[in-house]
Amino acid sequence: PSACAPLQGDGGSAMAALDHRCLAVVTAHLPLRELLVVRSASREALCWAMNAAASADDAPGHRPRDRIRVRLWMQRIVDVTHGTRDESVFETGLRSLADNALRARMETEMQDAVAAMEEQIRMFQSEVDRRLGRLEEQEQNVQLLVEERVRQELGRILAQEVVKVQATMEAPVRERVS
């Protein structure tokens, strides 16, 4: 058996039982110090972390092995160039690499946030439009009620005026007839 073969029987560790994608997600969020602790925690962890075989869904540069190696190289560059004139050259290069990665992550997050905000705005606008439609309908109903009330009042006033005019016209005729 290989030195990196998983342990057989009851003696196997939890690390050997975990899916490599689960471990990749965990290691993606670990700082270098904790990543090295995980790597040195057990034989299975070391074998898993340094295993060069990647599955089809692992993108290049995103495998835990690559992440560990890059972090180790970066730490080694810092150690070797510390205090020399070359220190600033590597520092600038590494900083720009980190800045570009951060910028790409932030742009993705910003696009997601903008998309979510636009969706909320669309939902808000549809709610406002729906409520405005109800208000317009209510306004039309109130206008119809007011118009009907005005017609009724005008009809009543007109009827009263007709009675007054008739009374005014009939009074002289009654006086003449009597």
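Computed from a predicted structure; not experimentally measured.
In this structure, Glu127 pairs ionically with Arg131, as a charged nitrogen and a carboxylate oxygen lie closer than 4.0 Å. Comment: Glu153 engages Arg149 in a salt bridge, judged by a side-chain N to carboxylate O separation of less than 4.0 angstrom.
With rounding to the nearest 0.5 Å, the separation of CD in Gln140 from CD in Gln143 is 7.5 Å. Going from atom CD of Glu107 over to atom CG of Leu102 covers 10.0 Å, rounded to the nearest 0.5 Å. We find the CG-CD distance between Leu145 and Glu147 to be 9.5 Å, quoted to the nearest 0.5 Å. If you take CD1 on Ile157 and NZ on Lys164, they are separated by 9.5 Å, rounding to the nearest 0.5 Å. Note: Glu118 CD to Gln125 CD = 10.5 Å, rounded to the nearest 0.5 Å. Of the inter-residue distances, the one linking Glu161 atom CD with Arg156 atom CZ reads 10.5 Å to the nearest 0.5 angstrom.
Alongside Val146, the hydrophobic cluster contains Val142, Val150, Leu154 (criterion: ILVMFWY side chains under 4.5 Å). Residue Leu135 shares its hydrophobic cluster (ILVMFWY side chains chained together at separations under 4.5 Å) with Phe124, Val128, Leu132.
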**OP:** Evaluate the criterion salt bridge (Lys or Arg N to Asp or Glu O under 4.0 Å) for residue pair Glu148 and Arg151; output intermediate values, then yes/no.
**Re:** CA-CA 5 Å; Glu148 182 62 30; Arg151 270 193 294 261; 3.1 Å; yes
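Residues Val173 and Met169 are not in side-chain contact: their nearest non-hydrogen atoms beyond the backbone lie 4.5 Å or more apart.
No more than 12 heavy-atom neighbours from other residues, nucleotides or ligands sit within 6.0 angstrom of CZ on Arg176.
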